[in-house]
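Counting starts at 1 for both ligands and their atoms, in listed order.
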Amino acid sequence: MIAAVSPRKRLGILLSGRGSNFLAIADAIANGKLPDAEIAVVISNKADAPGLTAANQRALKAVAIEARGRKRSEHDAEIIACLREHRVDLVCLAGYMRLLSQEFVASFPERILNIHPSLLPAFAGLDAQQQAFEYGVKVAGCTVHFVDEQLDHGVIVLQKIVPVLDTDDAHALSARILEQEHIAYTEAIARVLSGQYCVFGRRYLPISES
Ligand code: GRF
């Protein structure tokens with residue numbers, strides 16, 4: 001008898017720029033670190049995003065859906081349609097620089113992840129690493145969380161801590177955080193796809209055996 005091959009979960013990546021987190025996820029899949037996942041589509045709101053070029057170079061499905069001059073609801077509806085067309089199970093925001101509409105969030109309940117370069121709830125919003133550096137914190141880090149209607153607010157899947165060194169400038173700190181982001185995103189996706197974790201209020205916890 002031939003054993004049934006369990007279908008891989010299909011990731012939809014949304015990005016606006018460089019795409020290093022997307023590439024870390026793609027590398028993790030290529031290296032067998034995310035055996036249950038495949039990238040179904042990479043979507044950018046900017047046609048010239050380097051991350052989109054990188055997706056093309058890797059022969060992944062890469063789609064530009066420009067936001068300029070369009071209503072958020074209209075733009076989001078097109079992205080939702082594209083994600084559905086590609087039968088996406090989990091949406092991963094990887095440097096996607098637009099707020100999602102309520103309709104978008106409601107279309108993929110507990111199925112949209114974001115990565116933010118701070119230990120939330122500290123330093124939400126833009127330039128989080130610079131904010132942390134200027135505040136003078138001694139530890140910084142990154143957070144992978146589910147997306148809800150509020151900015152950088154949804155349930156936390158995991159966080160990684162990064163020390164702030166006395167010799168740091170904001171650039172050096174950002175680079176050290178980015179290294180951890182690349183590890184954190186893969187771990188968070190594996191955690192979510194494992195089906196072994198569940199949201200309890202604001203906490204994301206392993207489902208107990210008992
Ligand atoms: C990362 O720092 C991520 O945490 C933030 O935007 C940046 C995107 O970088 N949301 P990249 O495009 O993945 O290299």
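- For a threshold of 3.5 Å applied to N or O pairs, the pair formed by Asn114 and ligand 1 contains no separation below that value.
- Around atom NZ of Lys160, more than 12 heavy atoms belonging to other residues, nucleotides or ligands sit under 6.0 Å away.
- Contact check for Gln129 versus Ser118: no side-chain heavy atoms found under the 4.5 Å cut-off.
- In this structure, Gly19 has a heavy atom closer than 4.0 Å to ligand 1.
- Remark: aromatic rings of Phe146 and Tyr204 are close, center separation under 6.0 Å.
- Considering all non-hydrogen atoms of both residues, His75 and Glu66 come closest at CD2-O, 3.3 Å.
- Residue contacts with ligand 1 leave out Leu15, since none of its heavy atoms falls under 4.0 Å from the ligand.
- Within ligand 1, the atoms closer than 4.0 Å to a non-hydrogen atom of Arg18 are 9 (O), 11 (P), 12 (O), 14 (O), numbered from 1 in the order shown.
- Ranking the protein heavy atoms by distance from atom 10 (N) of ligand 1 puts Ile115 O, 3.0 Å first.
- Listed here is the closest heavy atom pair of Val147 and Leu113: CG2-C, 4.0 Å.
- For Glu181, every heavy-atom contact with ligand 1 shorter than 4.0 Å involves the side chain, none the backbone.
- What sits closest to atom 8 (C) of ligand 1 on the protein, heavy atoms only, is Gly95 CA, 3.5 Å.
- Across all non-hydrogen atoms, the minimal contact from Arg202 to Gly154 is NH2-O, 3.1 Å.
- The protein atom (non-hydrogen) at minimum distance from atom 11 (P) of ligand 1 is Ser20 N, 3.4 Å.
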